[in-house]
Asks: 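Here it is, the structure, as structure tokens.
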Amino acid sequence: MPASPSGHGTSRTRSWWGWGYADSHPDDAECVAMGALLPGTLARPLPIPRVADLAIARPGVTPPSSLAHLVSTDPEVRAAHAMGKAYRDIIRALRGRPGRIPDLVARPTDDREVADLLDWAGGQGVAVIPFGGGSSVVGGVEYRGDTHRAVLSLDLTSMDRVLEIDTVSRSARIQAGALGPVLEEQVRPHGLTLRHFPQSFEFSTLGGWLATRAGGHYATGRTHIDDFVQSLRVVTPAGSSTSLRLPASGAGPSPDRLFLGSEGALGVITEAWMRLQERPRHKASASVAFADFPGALEAVRGIAQSDLSPANCRLLDPGEALLSGASQDGSSVLVLGFESATGRVDDRLASALELARAHGGRVGAPTANAGTTPADGDVPADAAVSAWRSAFLRMPYLRDGLARMGAVVDTFETAATWDRIPALIDAVRTEVGSVALKATGHPATVNCRLTQVYPDGAAPYFTVAVAGRPGEEVGIWDDIKAVASDVLHRRRATITHHHAVGRDHRPGYDLQRPEPFALALRAAKDALDPHHILNPGVLID
């Protein structure tokens with residue numbers, strides 16, 4: 001198969017069914033060892049699925065000769081674009097049931113080709129699913145349904161260049177198909193960085209980040225991709241939209257806000273002017289252990305409500321700390337990091353550590369000029385920080401290994417105001433644990449970490465792991481997802497903080513949004529996508 005399902009970047013082979021690179025997946029022995037830690041899993045791992053074993057139908061439509069050079073019907077390419085990388089996707093592939101495989105995969109190289117493909121698809125009743133790196137974990141890049149004649153996966157990764165760099169205004173015009181490493185490689189020679197490092201950094205694109213309002217690794221300040229946008233260019237079936245490039249504007253509702261988070265349902269983001277910044281030169285980090293999780297929450301709130309602005313302020317509960325190797329004694333662990341392009345950050349770290357100590361924290365040895373960014377390759381500070389970093393990058397591969405052992409393993413995230421956070425976390429642990437036990441007969445592990453923090457609230461991120469029942473894993477996952485979503489709604493927390501809505505979060509999103517906004521969104525869909533071919537079922541019907 002191709003070196004990458006998106007056709008770019010490396011000689012390593014991307015996994016068509018699982019996370020990341022095929023050569024990074026746990027081998028059978030490692031899968032068995034992991035399964036032994038979760039009672040009730042399979043004795044041996046499910047075999048790695050093969051495209052050759054899938055029932056892939058012939059394409060239901062043929063593109064015109066003017067577009068044929070952009071389109072592939074290769075079965076391996078089509079299979080690699082059939083789903084994202086949620087647990088639900090992984091287990092369906094392992095069980096040989098990946099869902100509707102697209103009839104065609106197109107790789108346009110410019111806006112004109114995108115527009116031509118949309119024009120043809122609209123006339124033929126072909127659904128178009130915009131596709132970046134394919135890292136969606138909410139069902140955002142697959143087709144579900146039967147109302148369209150055929151399905152076209154629109155892969156943007158051939159549009160991956162930095163077209164202009166304005167060093168005076170410190171910004172760049174970048175094509176939407178640029179994967180994270182490809183983007184950073186092009187701005188690095190100018191001493192600049194976008195500084196947006198989601199866990200999917202290697203395998204996701206600028207356009208995907210914009211379309212899903214992605215959150216980056218950084219805990220405070222500018223962490224959502226929204227904060228970096230100067231202007232967008234979007235191709236819709238009704239025409240192209242290019243917003244004025246500005247540092248700020250008060251001229252009516254923002255046109256960019258219409259398309260940020262639209263998940264390919266209103267148009268195809270093809271390029272954007274993005275705010276850059278100088279690469280950080282000064283770094284300092286440390287870990288803090290807490291015997292008491294409520295005390296740790298109070299410490300993090302104090303740091304978030306200060307003016308210290310840590311780059312990393314990630315709180316791991318005892319289960320998460322144990323899983324990552326950051327702590328073995330039942331402590332919660334706070335991973336703190338600061339960075340700057342202009343001046344030393346030791347004083348800010350020291351002040352944050354004092355706040356942590358005031359709430360019972362035990363501070364590890366701080367290290368200056370140590371990296372806290374998973375993507376920057378620097379050496380972390382202490383053993384706890386190092387263990388967290390390694391686990392952070394490895395975790396999606398381990399999830400896939402546990403899935404091969406028949407485990408149900410998934411994550412979900414949310415955000416709420418500080419007054420609701422403690423009760424929200426307790427409710428999720430209790431109710432999700434209960435439904436998992438009822439659905440499987442096995443006790444579940446439900447861990448929590450805070451990934452981003454704000455002066456008025458935080459983003460808890462939950463990991464759920466439980467032994468499944470062979471062949472029933474998707475149904476169990478559906479039950480857990482439904483209960484988790486209900487808890488979030490009842491506790492007035494968002495259905496998603498940074499993983500997008502897709503199809504999996506759609507019921508929760510329908511409950512969260514105000515009805516007048518839904519009315520406006522439906523009108524926008526009708527106006528911009530009159531044939532309703534763009535990512536059907538996402539955000540709006």
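Hydrogens, waters and symmetry mates are skipped; everything else that's a heavy atom, side chains included, is used.
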Asks: How long is the span from the NE2 atom in His196 to the CZ atom in Phe201, to the nearest 0.5 Å?
Replies: 9.5 Å
Asks: Does the pair Glu413/Arg449 count as a salt bridge with the N-to-O cut at 4.0 Å?
Replies: no
Asks: Quick one: CZ on Arg97 to CG on Leu54, what's the gap to the nearest 0.5 Å?
Replies: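 CG of Leu54 is found 12.0 Å from CZ of Arg97.
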Asks: Where do Pro280 and Glu339 come nearest, in terms of heavy atoms and distance?
Replies: CG-OE2, 3.5 Å
Asks: Just wondering, more than 12 heavy atoms not from Asp23 lying within 6.0 Å of its CG?
Replies: yes
Asks: Below 4.0 angstrom, N of the basic side chain to O of the carboxylate: do Asp510 and Arg506 qualify?
Replies: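 Judged by the 4.0 Å cut-off on N to carboxylate O distance, Asp510 and Arg506 do form a salt bridge.
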Asks: For residues Ile533 and Ala121, report the shortest heavy-atom separation together with the two atoms involved.
Replies: CD1-CB, 4.0 Å
Asks: Are Asp226 and Arg257 close enough for a salt bridge, meaning some N to O gap below 4.0 Å?
Replies: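 Yes.
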Asks: Side chains of His489 and Ile495, heavy atoms from C-beta outward: is any pair under 4.5 Å?
Replies: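 Contact flag for His489/Ile495 side chains = no.
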Asks: Evaluate side-chain contact (heavy atoms from CB on, under 4.5 Å) for Leu334 paired with Ile303, printing each intermediate quantity in order.
Replies: CA-CA 11 Å; Leu334 172 61; Ile303 293 169; 4.0 Å; yes
Asks: For a 4.5 angstrom cut-off between non-hydrogen side-chain atoms, does Glu142 reach Arg100?
Replies: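 Heavy-atom side-chain distance check fails, nothing below 4.5 Å.
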Asks: Show your working on side-chain contact (heavy atoms from CB on, under 4.5 Å) between Leu316 and Ser324 and close with a plain yes or no.
Replies: CA-CA 9 Å; Leu316 316 177; Ser324 68; 3.7 Å; yes
Asks: Is it the case that the side chain of Arg107 and the backbone of Thr157 share a donor-acceptor pair, with hydrogens and angles ignored and the cut-off at 3.5 Å?
Replies: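 It does not hold such a pair.
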Asks: So, does Trp418 use its side chain to make a donor-acceptor pair with the main chain of Tyr454 at under 3.5 Å?
Replies: yes
Asks: Is the gap between the ring centers of His497 and His224 under 6.0 Å?
Replies: yes
Asks: Can we say Asp89 and Lys85 salt-bridge, meaning some charged N sits less than 4.0 Å from an Asp/Glu carboxylate O?
Replies: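 Result for this pair is no, no salt bridge flagged.
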Asks: Is there a side-chain contact between Phe462 and Ile425 in this structure, where contact means two heavy atoms from C-beta onward sitting under 4.5 Å apart?
Replies: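 Yes. Closest side-chain heavy atoms under 4.5 Å.
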Asks: With side-chain contact (heavy atoms from CB on, under 4.5 Å) as the test, would you mind laying out the steps for Leu521 and Arg513 before giving the verdict?
Replies: CA-CA 11 Å; Leu521 194 57; Arg513 69 184 176 202; 4.0 Å; yes
Asks: Can you see which heavy atom on Leu258 is nearest to which on Ala524, and at what distance?
Replies: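 So the two residues come closest at CD1-CB, 4.4 Å.
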Asks: Would you say that Leu156 contacts Thr205 through its side chain, given a criterion of any heavy-atom pair below 4.5 Å between the two side chains?
Replies: no
Asks: Could you tell me whether a side-chain N or O of Arg429 sits under 3.5 Å from a main-chain N or O of Cys448, the two making a donor and an acceptor?
Replies: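 It does not hold such a pair.
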Asks: Please walk me through it: do Val428 and Leu424 pass side-chain contact (heavy atoms from CB on, under 4.5 Å)?
Replies: CA-CA 6 Å; Val428 168; Leu424 170 66; 4.2 Å; yes
Asks: For the CD atom of Glu184 and the CG atom of Leu194, what is their distance to the nearest 0.5 Å?
Replies: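 Result: 6.0 Å between the selected atoms.
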Asks: Report, one line per pair, each donor and acceptor closer than 3.5 Å where one atom sits in a side chain of residues 173-183; sequence neighbours left out.
Replies:
residue : atom : partner : partner atom : Å
Arg173  : NE   : Glu164  : OE2          : 2.8
Arg173  : NH1  : Glu271  : OE1          : 3.3
Arg173  : NH1  : Glu271  : OE2          : 2.8
Arg173  : NH2  : Glu164  : OE2          : 3.1
Gln175  : OE1  : Asp160  : N            : 3.2
Gln175  : OE1  : Arg161  : N            : 2.9

Asks: Out of Gln512, His499, Lys481, which one pairs with His505 under the side-chain hydrogen bond (donor to acceptor under 3.5 Å, both in side chains) rule?
Replies: Lys481
Asks: Between Trp19 and Ile90, is there a side-chain heavy-atom distance shorter than 4.5 Å?
Replies: no
Asks: So which atom in Cys31 and which in Arg404 form the shortest heavy-atom distance, rounded to 0.1 Å?
Replies: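 Minimum heavy-atom contact is SG-NH1, 3.7 Å.
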Asks: Just to verify, which of Asn447, Thr411, Thr414, Thr451 counts as forming a side-chain hydrogen bond (donor to acceptor under 3.5 Å, both in side chains) with Tyr461?
Replies: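 Of Asn447, Thr411, Thr414, Thr451, side-chain hydrogen bond (donor to acceptor under 3.5 Å, both in side chains) with Tyr461 is met by Thr411 alone.
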Asks: State which residues pass side chain to side chain contact (heavy atoms under 4.5 Å, CB included) with Thr440; sequence neighbours excluded, sorted by chain then number.
Replies: His442, Val466, Ile476
Asks: Does any N or O in the side chain of Tyr87 come within less than 3.5 Å of the main-chain N or O of Ala407, such that one atom is a donor and the other an acceptor?
Replies: yes
Asks: Return the CG to CZ distance between Asn312 and Phe338, rounded to the nearest 0.5 Å.
Replies: 9.5 Å
Asks: Can you list the steps and then say if Tyr21 with Phe203 is a ring pair (Phe, Tyr, Trp, His ring centres under 6.0 Å)?
Replies: CA-CA 9 Å; Tyr21 296 115; Phe203 311 114; 5.1 Å; yes
Asks: Would you say that Thr417 contacts Arg492 through its side chain, given a criterion of any heavy-atom pair below 4.5 Å between the two side chains?
Replies: no
Asks: Find the distance between CG (Leu118) and CG (Leu154) and round it off to the nearest 0.5 Å.
Replies: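 The distance works out to 6.5 Å.
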Asks: Output yes when a side-chain donor or acceptor of Thr223 lies under 3.5 Å from a complementary backbone atom of Tyr218, and no otherwise.
Replies: yes
Asks: If I compare all heavy atoms of Ile421 with all of Ala458, which pair ends up nearest, and what's the gap?
Replies: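 Taking Ile421 first and Ala458 second, the nearest heavy atoms are CD1-O, 3.8 Å.
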Asks: Is any side-chain N of the basic residue among Lys438 and Asp479 closer than 4.0 Å to the acidic one's carboxylate O?
Replies: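 The answer is no: the pair does not qualify as a salt bridge.
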Asks: Looking at Glu263 and Ala500, would you say the former's side chain and the latter's main chain have a donor-acceptor pair under 3.5 Å?
Replies: no
Asks: List in chain and number order the residues that pass side-chain hydrogen bond (donor to acceptor under 3.5 Å, both in side chains) with Ser204, two or more places apart in sequence or in another chain; answer none if no residue qualifies.
Replies: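 Scan of Ser204 (side-chain hydrogen bond (donor to acceptor under 3.5 Å, both in side chains), adjacent residues dropped) gives Ser200, Trp209.
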Asks: Are any side-chain N or O atoms of Arg503 and backbone N or O atoms of Pro536, one a donor and one an acceptor, separated by less than 3.5 Å?
Replies: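 It does hold such a pair.
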Asks: Of all the heavy-atom pairs spanning Val333 and Ala326, show the shortest one and how long it is.
Replies: CG2-O, 3.9 Å
Asks: Tell me, please, which residues at least two apart from Arg490 pass salt bridge (Lys or Arg N to Asp or Glu O under 4.0 Å).
Replies: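 Here the qualifying residues are Glu431, Asp486.
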Asks: Who are the side-chain hydrogen bond (donor to acceptor under 3.5 Å, both in side chains) partners of Arg301, not counting sequence neighbours?
Replies: Glu298, Gln305
Asks: At what distance, to the nearest 0.5 angstrom, does CG of Asp410 lie from CH2 of Trp477?
Replies: 6.0 Å
Asks: Leu297 versus Pro422: any side-chain heavy-atom pair under 4.5 Å?
Replies: yes
Asks: Can Asp478 and Arg88 be counted as an ion pair, charged N to O under 4.0 angstrom?
Replies: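 Salt bridge present between Asp478 and Arg88.
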Asks: Does the salt bridge (charged side-chain N to carboxylate O under 4.0 Å, His left out) test come out yes or no for Arg144 and Asp504, once each step is laid out?
Replies: CA-CA 11 Å; Arg144 297 180 190 170; Asp504 297 339; 2.9 Å; yes
Asks: I'd like to check the side-chain hydrogen bond (donor to acceptor under 3.5 Å, both in side chains) partners of Ser24; sequence neighbours left out, ordered by chain and number.
Replies: Arg12
Asks: Any side-chain to backbone donor/acceptor pair from Asp529 onto Pro237? Under 3.5 Å, distance only.
Replies: no
Asks: Quick one: are Glu30 and Tyr397 in side-chain contact, heavy atoms under 4.5 Å?
Replies: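 No, their side chains stay 4.5 Å or more apart.
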